[in-house]
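Structure first, then comments.
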Amino acid sequence: MIDELLNTKTVDVGVISKNWEEAVRKCGSLLENGGYASREYTEAMVETIKKHGPYLVVAPGVALAHARPEDGVFKQGLSLIKLKTPINFGHPDNDPVQIIFGLAATHSEIHVATMAELASLLMEGAEELKNALTKKEILALVKKFGKK
Amino acid sequence: MKVLAICVHGLGTSLLMKMTVDTCFKELGIKDVQIEVSGHASGKGYDADLFIITEDLISEFDSDPARKDKYIAVKQVLDKEKMKEKIQAYLDKIQISSD
């Protein structure tokens, strides 16, 4: 799943952002461009963080941005940006963030399976992910954890 | 034993927590555990023996007499070792032994 959803169009590296909002919007625009979610969904991802706080930073240096399916998801999607310079989200323990996943979530078994693969990737491959410098390296790592 | 992993929406962090919790119970040798996920505002968020929650929900749980002694707040949702410690401590507290 994640090795299909994460591809050269939905992954970007060396991303420059002034702050977390801009970074999350860049993540969202990858989902928009791929037809996974709408501009409103990207804005909802930003609003969620403003409303509920920086708990999307699920592991040291790694954030998972998402909103609800009804906020504007067209189909299950996943994007990933690696920031050129890490950015703080205000999380008490896991800042600064270098890897941001954008998740277009759906109420479906596909979503549950996607999250299971993402959990494995982050549990076992987080360090490798943070060390990867190119899209190619990231996609090779993702392939290890994806199951079609 | 019924375990409910809760985060704000019930779609993201809670599913990651579920994976970690699942692995923890397996490694602790405890069977007969059902793990589900829920958003914090969902009506589903009441029926469990143990709640695993994100830290932002602590005050909501502390102010609920029905749930304030039945939760584990997790800082690192993917840290298996820390979560195992917390689960073991909770189980010791309620004195359940593994089968």
Side-chain angles (χ1 to χ4, degrees), chain A residues 1-2 41 44-45 47-71 73 76 78 90-95 99-127 129 145, chain B residues 2-28 33-45 51-63 71-87:
Chain A
M1 222 83 62
I2 57 172
Y41 187 76
M45 293 202 291
E47 281 314 301
T48 299
I49 299 166
K50 287 186 177 169
K51 189 173 172 196
H52 295 286
Y55 294 94
L56 77 159
V57 189
V58 291
V62 180
L64 172 63
H66 74 97
R68 302 163 308 165
E70 43 272 36
D71 291 325
V73 172
Q76 185 73 26
L78 194 59
H91 192 281
D93 306 290
N94 292 336
D95 271 350
I99 304 262
I100 308 177
F101 286 91
L103 172 66
T106 56
H107 293 294
S108 71
E109 284 308 309
I110 291 179
H111 174 65
V112 174
T114 302
M115 293 306 290
E117 288 174 25
L118 189 55
S120 294
L121 169 63
L122 293 178
M123 265 199 248
E124 290 157 55
E127 284 314 302
L129 193 55
F145 292 92
Chain B
K2 185 157 177 207
V3 178
L4 197 47
I6 301 187
C7 69
V8 167
H9 291 133
L11 281 168
T13 311
S14 53
L15 279 169
L16 295 179
M17 283 198 288
K18 181 182 174 188
M19 293 296 298
T20 313
V21 170
D22 196 48
T23 308
C24 287
F25 275 102
K26 286 201 173 84
E27 290 188 7
L28 288 170
V33 182
Q34 290 162 269
I35 307 166
E36 288 180 30
V37 301
S38 172
H40 78 119
S42 146
K44 226 174 116 190
F51 299 92
I52 312 272
I53 66 171
T54 47
E55 286 210 316
D56 53 327
L57 297 175
I58 288 177
S59 54
E60 184 181 314
F61 274 72
D62 276 344
S63 60
Y71 76 83
I72 294 175
V74 176
K75 258 188 208 238
Q76 302 295 354
V77 299
L78 292 164
D79 187 331
K80 193 180 58 170
E81 294 310 315
K82 285 212 183 100
M83 208 186 275
K84 259 201 290 187
E85 276 173 31
K86 291 192 180 203
I87 291 176

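Lettering of chains follows the sequences in order, A, B, ..., and the numbering in each one begins at 1. The figures that follow rest on heavy atoms only: side chains count, while hydrogens, waters and symmetry mates do not. Bear in mind that the values here come from a model prediction, so they are computed numbers and not experimental data.
A donor-acceptor pair under 3.5 Å is formed between the side chain of D95(A) and the backbone N or O of G90(A). With hydrogens and angles disregarded, no donor-acceptor distance shorter than 3.5 Å links the side chain of H107(A) to the backbone of P69(A).
Using a 4.5 Å cut-off between heavy atoms, A105(A) touches chain B through its side chain atoms alone. For V8(B), the part sitting under 4.5 Å from any heavy atom of chain A is the side chain, from C-beta outward, and nothing else. With a 4.5 angstrom heavy-atom cutoff, T106(A) touches chain B only via backbone atoms. If you measure heavy-atom distances from A67(A) to chain B, the contacts under 4.5 Å come from the backbone alone.
By the 6.0 Å contact criterion, CD1 on I58(B) is enclosed, its count of non-hydrogen atoms from other residues, nucleotides or ligands being greater than 12. Around atom NZ of K84(B), more than 12 heavy atoms belonging to other residues, nucleotides or ligands sit under 6.0 Å away.
When L122(A), L56(A), N94(A) are compared by the number of non-hydrogen pairs under 4.5 Å with chain B, N94(A) comes out ahead. The residue among V77(B), D56(B), D79(B) with the most heavy atom pairs within less than 4.5 Å of chain A is D56(B).
With salt bridges taken as basic N to acidic carboxylate O contacts below 4.0 Å, none links K18(B) and D22(B).
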